[in-house]
J.: 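Got a structure for you, written out below as structure tokens; questions coming shortly.
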Amino acid sequence: MFTLADLDAAHALVSRHVPPTPALDWPLLSVALGARQVIVKHENHAPTGAFKVRGGVTFMDWLRRTHPRMEGVITATRGNHGQSQARAATAMGLRAKILVPQGNSVEKNAAMRAYGADLVEHGSDFDDAKDEAMRLAETQPLFPVPPFHRELVRGVATYGLELFRAHPDLDRVYVPIGCGSGICGVIAARDALGLSCEVVGVVSTAADGALRSVAEGRAVPTESARTFADGMAVRVPVPEALAIYGPGAHHLGAVTDAQVAEAIRLYFTATHNLAEGAGAAALALAVAERDELAGRKVGLVLSGGNIDRDWYAQVLAGGTPLV
């Protein structure tokens, strides 16, 4: 998919706008997982609090070079992708129209507006908002940013490059799946470096289209995607991403909202880091697969820390948010 030179060039570009994030050893997580060592890639420490910010840099650079007449971009999101696109577009003097579903995270919406987004609510879930964004793009001088694009993945892959260069001896890495750029970026970095680390994808039991799709060898949508781990709340898997993580991942697993909530609490007690639902999903599946991790060096992608305050308070009190 990418050569090492492709990813090194992306990293050089991204690093001018996004400082490298730490990959830290957390002994209390090693105890919890029964692993030899646990390394957390802290994408929650990135600007916007999520890994998506990396793809925004590379995508907007590509757009400026290939479509110089475009006035801006239009896309759909549950929040982190939208912050990335708004931040990168505004920095280049471009417009960013961002569609979100009704009832989307209040705090993520506020963050997108602060980065300069023209925010529009539409539909009941991400896929409704995505379809409307692509329709509106046909009538406006705005470039439609799909949920999965080569340049998005090339930028996102830079976090995988940082992780594997710091810890080339990882045995297994857990990565959440929404539309797929995060796991595809990790697979791309692993393969470009010629490593043999197992990459494990994580979905929500309430939005398990990716898991079903890998099992059936084709994109299989779900009827709904109601999970408070909104970064994974995708009904329709992206075929281009499936073509990469289907053969490239060791396996996929699903976690419940209750397991995700427990993983958020574990991140707080073991590392004092704040994780949103999708950000904690990797840890949730690693806990469920604890019996497979003895004696192994395990990586966890903490992909985002943007959880609304009310939900976080509920989780820390021992509850699980209902959506």
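We number each residue from 1, following the sequence as shown.
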J.: Which heavy atom of Ala137 sits nearest to which heavy atom of Ile74, and what is that distance?
T.: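 Looking at all heavy atoms of both residues, the closest pair is CB-CG2, 3.7 Å.
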J.: I'd like to check Leu28 versus Thr269 (side-chain heavy atoms, cut-off strictly below 4.5 Å). Are they in contact?
T.: no
J.: Are Arg154 and Asp6 close enough for a salt bridge, meaning some N to O gap below 4.0 Å?
T.: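 No, this pair does not count.
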J.: Check whether Thr58 reaches the backbone of Glu151 with its side chain - one donor and one acceptor, N or O, closer than 3.5 Å.
T.: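 Yes; at least one donor-acceptor contact below 3.5 Å.
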J.: Evaluate the criterion side chain to side chain contact (heavy atoms under 4.5 Å, CB included) for residue pair Thr66 and Phe143; output intermediate values, then yes/no.
T.: CA-CA 11 Å; Thr66 58; Phe143 191 90; over 6 Å; no
J.: Please, which pairs that meet ring pair (Phe, Tyr, Trp, His ring centres under 6.0 Å) have at least one residue in residues 175-227, sequence neighbours excluded?
T.: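 Listed once each, the pairs would be none.
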J.: List, one per line, each side-chain donor-acceptor pair under 3.5 Å for residues 188-195, sequence neighbours excluded.
T.:
{"from": "Arg190", "atom 1": "NH1", "to": "Cys197", "atom 2": "O", "distance (Å)": "3.0"}
{"from": "Arg190", "atom 1": "NH1", "to": "Gly248", "atom 2": "O", "distance (Å)": "3.3"}
{"from": "Arg190", "atom 1": "NH2", "to": "Gly248", "atom 2": "O", "distance (Å)": "3.1"}

J.: Could you tell me which residues satisfy ring pair (Phe, Tyr, Trp, His ring centres under 6.0 Å) with His250, sequence neighbours excluded, listed by chain and number?
T.: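 Ring pair (Phe, Tyr, Trp, His ring centres under 6.0 Å) check on His250 returns nothing, list empty.
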J.: Give every residue pair that meets the salt bridge (Lys or Arg N to Asp or Glu O under 4.0 Å) criterion with at least one member in residues 11-28, sequence neighbours excluded.
T.: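 Pairs touching residues 11-28 that pass the test: none.
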J.: Would a distance-only check, ignoring hydrogens and angles, find a side-chain to backbone donor-acceptor pair under 3.5 Å from Gln259 to Thr256?
T.: yes
J.: In Å and rounded to the nearest 0.5 Å, what is the CG to CG distance from Asp125 to Asn104?
T.: 11.0 Å
J.: With salt bridge (Lys or Arg N to Asp or Glu O under 4.0 Å) as the rule and sequence neighbours excluded, what pairs involving residues 265-275 come up?
T.: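 Output for this query lists Glu262-Arg265.
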J.: Pro321: what forms a side-chain contact (heavy atoms from CB on, under 4.5 Å) with it, not counting sequence neighbours?
T.: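 Partners of Pro321 by the side-chain contact (heavy atoms from CB on, under 4.5 Å) criterion, ordered by chain and then number, come out as Phe228, Trp311, Gln314, Val315.
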J.: Counting only N and O atoms by type, is there a donor-acceptor contact under 3.5 Å from the side chain of Thr227 to the main-chain atoms of Ser204?
T.: no
J.: Who pairs with His251 by side-chain contact (heavy atoms from CB on, under 4.5 Å), at least two apart in sequence or on another chain?
T.: Arg172, Val200, Glu289, Glu292
J.: Indicate yes or no for a side-chain donor-acceptor contact from Arg87 to the backbone of Gly56 under 3.5 Å, with no hydrogens or angles considered.
T.: no
J.: For a side chain to side chain contact (heavy atoms under 4.5 Å, CB included) check, start with the C-alpha distance between Leu274 and Asn44, then their side-chain angles and the critical distance, and finish with the verdict.
T.: CA-CA 8 Å; Leu274 183 152; Asn44 60 316; 5.8 Å; no
J.: Consider only side-chain N and O atoms of Thr21 and Glu43, and report whether a donor and an acceptor are under 3.5 Å apart.
T.: yes
J.: Where the side chain of Asn306 meets the backbone of Thr48, is there a donor-acceptor pair that is under 3.5 Å apart?
T.: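 Checking the backbone N and O of Thr48 against the side chain of Asn306, a donor-acceptor pair under 3.5 Å is found.
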J.: Hydrophobic cluster mates of Phe126, side-chain heavy atoms under 4.5 angstrom, ILVMFWY only, any path?
T.: Val234
J.: For the residue pair His42 and His45, categorise the inter-ring angle as parallel (less than 30°), tilted (30 to 60°) or perpendicular (more than 60°).
T.: parallel
J.: Show your reasoning for whether salt bridge (Lys or Arg N to Asp or Glu O under 4.0 Å) applies to Arg65 and Asp61.
T.: CA-CA 6 Å; Arg65 289 184 284 106; Asp61 176 75; 3.0 Å; yes
J.: With side chain to side chain contact (heavy atoms under 4.5 Å, CB included) as the test, would you mind laying out the steps for Asn273 and Trp26 before giving the verdict?
T.: CA-CA 11 Å; Asn273 272 265; Trp26 291 102; 3.9 Å; yes
J.: For residues 276-288, which residue pairs qualify under salt bridge (Lys or Arg N to Asp or Glu O under 4.0 Å), counting only residues two or more places apart or in two chains?
T.: Lys108-Glu276
J.: Does the side chain of Thr158 come under 3.5 Å of the side chain of Arg54 through a donor N or O and an acceptor N or O?
T.: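 Note: Thr158 and Arg54 side chains meet the donor-acceptor criterion.
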J.: Using the ring pair (Phe, Tyr, Trp, His ring centres under 6.0 Å) rule, collect all pairs that involve residues 264-294, keeping only residues at least two apart or in two chains.
T.: Phe268-His272
J.: Could you give all pairs that pass the salt bridge (Lys or Arg N to Asp or Glu O under 4.0 Å) test and reach residues 69-83, with sequence neighbours left out?
T.: Glu71-Arg95
J.: What's the separation between atom OG1 in Thr271 and atom CG in Leu266, rounded to the nearest 0.5 Å?
T.: 8.0 Å
J.: Could Arg165 and Asp8 be called an ion pair, given the rule that one side-chain N must be under 4.0 Å from one carboxylate O?
T.: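 Here Arg165 pairs with Asp8 in a salt bridge, since their nearest N and O are under 4.0 Å apart.
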J.: Would you say the side-chain atoms of Asp308 pair up with the backbone N or O of Val106, donor to acceptor, closer than 3.5 Å?
T.: yes
J.: At their closest point, which heavy atom of Ala89 faces which heavy atom of Met60, and how far apart are they?
T.: N-CE, 3.8 Å
J.: With the 4.5 Å side-chain cut-off for hydrophobic clustering, are Tyr159 and Val173 part of the same group?
T.: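 Linked, Tyr159 and Val173 end up in one cluster.
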J.: Quick one: pull up OG in Ser84 and CZ in Phe59 and give me the separation to the nearest 0.5 Å.
T.: 10.0 Å
J.: Would you say the side-chain atoms of Ser30 pair up with the backbone N or O of Val38, donor to acceptor, closer than 3.5 Å?
T.: yes
J.: Strictly below 4.0 Å, N to O, side chains only: are Glu223 and Arg235 in salt-bridge contact?
T.: no
J.: Measuring from Met1:CE to Ile187:CD1, what's the distance to the nearest 0.5 Å?
T.: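 That separation rounds to 7.0 Å.
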J.: For the atom pair CG (Asp171) and CZ (Arg296), what is the distance rounded to the nearest 0.5 Å?
T.: 5.0 Å
J.: Does this structure show an ion pair linking Lys297 with Asp169, if we count only N-O contacts that are shorter than 4.0 Å?
T.: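 Yes, this pair counts.
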J.: Working to the nearest 0.5 angstrom, can you tell me the gap between Leu99 CG and Leu119 CG?
T.: 8.0 Å
J.: Name the residue from Leu283, Val298, Val199, Val287 that meets the side-chain contact (heavy atoms from CB on, under 4.5 Å) definition with Tyr174.
T.: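 Looking at Leu283, Val298, Val199, Val287, the match for Tyr174 under the side-chain contact (heavy atoms from CB on, under 4.5 Å) is Val298.
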J.: Considering residues at least two apart in sequence or located in another chain, which fulfil the side-chain contact (heavy atoms from CB on, under 4.5 Å) criterion with Gln102?
T.: Glu121
